[in-house]
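Order of the sequence lines fixes the chain letters, A, B, ..., with proteins taken first and strands second; residue numbering starts at 1 for each chain.
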There are 2 protein chains.
Amino acid sequence: MGTVTKALSLLGYFSQTRPEIGLSELARLSGMNKATVYRMMSELVDQGFAEQTRQGKSYRLGPEVLRLAALREAAVPLLSVAREMLMQLSESTGETAHVSIVQGTRLNALAHQYSPRHGTRVMMEDAEVLSFHGTASGLAVLAFAEPAFVDAVLARPLVAHTAKTETRPDAIRARIAAIRATGLAESVGGFEADVHSLAVPVFGPDAQPIGALAVAAPVARMTPDLAACAAEALRRCAADLTRRTGGFAPEPLPEEA
Amino acid sequence: MGTVTKALSLLGYFSQTRPEIGLSELARLSGMNKATVYRMMSELVDQGFAEQTRQGKSYRLGPEVLRLAALREAAVPLLSVAREMLMQLSESTGETAHVSIVQGTRLNALAHQYSPRHGTRVMMEDAEVLSFHGTASGLAVLAFAEPAFVDAVLARPLVAHTAKTETRPDAIRARIAAIRATGLAESVGGFEADVHSLAVPVFGPDAQPIGALAVAAPVARMTPDLAACAAEALRRCAADLTRRTGGFAPEPLPEEA
DNA sequence: AACCAACGGTTCAAATAATGAACCAACTAT
DNA sequence: ATAGTTGGTTCATTATTTGAACCGTTGGTT
């Protein structure tokens, strides 16, 4: 592993639940030497990718990432276009809509939009880590990902988030085969109890899935009518999003081996 | 210079005007060996900080920066709070409001908000590089920055963006001394002809300026009335923004003149 | 169609930068 | 005091980065 990769991987330990990390803790988390972590973090701080809260205290992500994100949006307006789609989705379904993207071997929620229509809503956190096997979004991605990627994901321990989470690799493979046929992924209580989600993949320039658009409703409200409406809206929005960010949907729907 | 710093500095060559850069061009820009750039970019691509448009083509910023930015916002809601302030500012002044932050020795526009009140507006680009000596925002930052920082900025060649740009270091020092007294920076046509801007600094946890809030209007519309209104709103909003992002204004707080 | 230049990508000996155990000084709770 | 933290530093050893030269392609000119 190169030095740059190691340094950047340090940034991966920050999350909503752990927004600030001290030097020793970061060394422990990464398994690297404290001196190494110190030097790397110093460089990251110099470059604005990290900053220290008070002097000589915990590290957190720095302001430079905001500038880069603004630049990335200027080049590939994924987030701004996605927000348009989320508005449409939450508007037409009356439920929570969200978009997530694949980051290496993880799936991250990126943005969400609530609908004011109902008093109860499925709540989301941006930048939350989603599981591939437990969420509709994750399944949508897996269904169109390269076999090697699927193998890698399913080789890891599969957490049972709820009593209804499917954790048997072969059962999951069967489900994603079905999803590949319809282009629509579904999860009922697989990640959060009482949440019924529908999701469709979004594709990048190489026709690989880069993420997913999803609609999430309380189980009781996801009637066949709503599901049909959401499915139609999701397909349309995802196609739009793929196209407007310079992506391509895979031409022939790949078939299972 | 460490390897990590070099790799991250490569990301600095991307801008709105140059959103995609080829391998050779990047090597030329950075003065580094092509093989070096190739390996570094490969690592950056692996980590999601960069991506290649088509296979074997130009590089651009990657999706990982979006995730980090979302995380940074969760920890320090600078951008989201700033957007609230920008709405207020553009609403109450009827002009363009924008926020910028210091990145190393550069000042970058981060977000902006237009007002629909007038047919002509001062236009902005997010992630644009601003000059310290030519903009109200830059002067606001300089006025409260450490002397060493001011020296470093003024030691560089000072570009005359317009005929009205002040480029004499001693004249600029006099101006920022005055700004320090009032807490309000002003620039008339110093960056763009026919633009009159007002700006106030925003402070970080160490009472150092991290950026600025500004209002920009066409010269003809910036009447004393509007300037007074904008100044009051800017001071209030900047104080709010500083406080809500965990910052502190320096103790000898300049009072209204 | 032959040519040339520029492109992205690759190789390998030589040179340089990263590494990590041990060590500070400061702080906290026992 | 003590013992166990913390962030930060040192320096000989080691492993990684480096860069000139080299591919195979591509795209434009002659």
Side-chain angles (χ1 to χ4, degrees), chain A residues 1-15 17-62 75-76 146 204-208 246 248, chain B residues 1-15 17-62 75-76 204-208 246:
Chain A
M1 185 169 31
T3 312
V4 177
T5 299
K6 276 185 232 171
L8 293 180
S9 74
L10 286 177
L11 297 178
Y13 293 101
F14 294 91
S15 67
T17 56
R18 205 195 274 122
E20 295 186 5
I21 311 182
L23 176 61
S24 300
E25 194 180 355
L26 202 44
R28 232 178 291 117
L29 285 169
S30 63
M32 295 193 275
N33 187 283
K34 200 175 48 157
T36 303
V37 173
Y38 175 70
R39 249 174 308 97
M40 285 176 170
M41 287 311 291
S42 298
E43 289 198 67
L44 290 173
V45 167
D46 285 344
Q47 298 299 306
F49 284 76
E51 70 181 8
Q52 284 183 286
T53 50
R54 285 150 293 181
Q55 89 240 3
K57 267 294 176 186
S58 308
Y59 297 91
R60 67 178 172 207
L61 292 171
V76 185
E146 289 175 328
D206 49 0
Q208 287 295 310
F248 295 95
Chain B
M1 184 168 32
T3 312
V4 178
T5 298
K6 278 186 228 171
L8 294 180
S9 74
L10 286 177
L11 298 178
Y13 293 101
F14 294 91
S15 67
T17 56
R18 204 195 274 122
E20 295 186 6
I21 311 183
L23 176 61
S24 300
E25 194 180 354
L26 203 44
R28 232 176 291 118
L29 284 170
S30 62
M32 295 194 277
N33 188 282
K34 202 173 47 156
T36 304
V37 173
Y38 175 70
R39 244 174 313 94
M40 285 176 170
M41 287 311 292
S42 297
E43 289 197 67
L44 290 173
V45 167
D46 285 345
Q47 299 299 306
F49 283 76
E51 71 180 8
Q52 285 183 286
T53 50
R54 285 150 293 181
Q55 94 190 12
K57 269 294 177 185
S58 306
Y59 296 92
R60 67 179 172 206
L61 291 172
V76 185
D206 49 1
Q208 286 293 104

Asks: Could you pull out the closest heavy-atom pair between B/F49 and A/F49, with the gap in Å?
Replies: CE2-CE2, 4.2 Å
Asks: Grab the CD-P distance between B/E20 and C/dC7 for me, whole Å please.
Replies: 15 Å
Asks: Name the pairing partner of C/dT10, where a pair is Watson-Crick or G-U wobble with both distances under 3.5 Å, or state none.
Replies: D/dA21
Asks: Could you tell me which non-hydrogen atom of B/K34 sits nearest to which non-hydrogen atom of B/S24, and how far apart they are?
Replies: CD-OG, 4.0 Å
Asks: Once rounded to the nearest 0.5 Å, what's the spacing between atom OG of B/S58 and atom CD of B/E25?
Replies: 7.5 Å
Asks: Output one letter per nucleotide in nucleotides 6-18 of chain D: B when a protein non-hydrogen atom lies under 4.0 Å from the base, S when only the sugar-phosphate is that close, - when neither is.
Replies: SBBBB-----SSB
Asks: Which pair of heavy atoms, one from B/L44 and one from B/A7, lies closest together, and at what distance?
Replies: CD1-O, 3.6 Å
Asks: Around B/E20, counting heavy atoms of other residues, nucleotides and ligands shown, do more than 12 lie under 6.0 Å from its CD?
Replies: yes
